[in-house]
Amino acid sequence: MMAAPAELDEIEYHLLLAEFDLLWSRRPLPGDRERMDQMMRLIEAFEAMRRIASSA
């Protein structure tokens, strides 16, 4: 199970991006869309937290 966005570290973020790219580049399998939606929420939350931290 993936960590909550607040607990996602830099390595997990990059692993998540790599997995997303893999899913994006292949023919969709059952469940891929749901997994990719979940991944996008985590990616967006991590990036938003990074923007907030860099503007502080």
Side-chain angles (χ1 to χ4, degrees):
M1 172 124 181
M2 185 60 63
E7 300 171 17
L8 197 65
D9 66 24
E10 192 77 22
I11 293 171
E12 292 169 321
Y13 168 74
H14 287 285
L15 290 171
L16 197 61
L17 289 177
E19 182 183 352
F20 186 89
D21 287 344
L22 174 72
L23 294 175
W24 182 265
S25 66
R26 71 177 189 196
R27 177 170 284 165
L29 299 174
D32 280 354
R33 176 175 279 279
E34 183 178 334
R35 174 68 179 140
M36 290 175 77
D37 288 344
Q38 176 190 32
M39 294 168 82
M40 282 303 303
R41 287 190 295 275
L42 291 170
I43 291 166
E44 289 171 351
F46 180 85
E47 291 175 350
M49 287 181 5
R50 184 188 288 170
R51 281 191 299 277
I52 291 169
S54 68
S55 67

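Every heavy atom of this structure was used, including side-chain atoms; hydrogens, water molecules and symmetry mates were not.
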F20 to M39 - nearest heavy-atom pair and separation
N-CE, 3.2 Å

Within a reach of under 6.0 Å around [atom1] of [X], are more than 12 heavy atoms found that belong to other residues, nucleotides or ligands?
X	atom1	answer
E10	CD	yes
L22	CG	yes
R33	CZ	no

For residues [X] and [Y], determine if any side-chain heavy atom of one lies less than 4.5 Å from a side-chain heavy atom of the other.
X	Y	result
R35	M40	no
R26	D32	yes
E12	D9	yes

Only counting residues at least two apart or in another chain, list the ones meeting side-chain contact (heavy atoms from CB on, under 4.5 Å) with L17.
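L17 satisfies side-chain contact (heavy atoms from CB on, under 4.5 Å) with Y13, H14, I43 once adjacent residues are dropped.
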
Treat each ILVMFWY residue as a node, draw an edge where side-chain heavy atoms are under 4.5 Å apart, and state whether L15 and M49 are in one component.
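As far as the 4.5 Å side-chain criterion goes, M49 and L15 are not connected within one cluster.
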
Backbone of L16 reached by a side-chain donor or acceptor of E19 within 3.5 Å:
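Not confirmed, E19 side chain does not pair with L16 backbone.
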
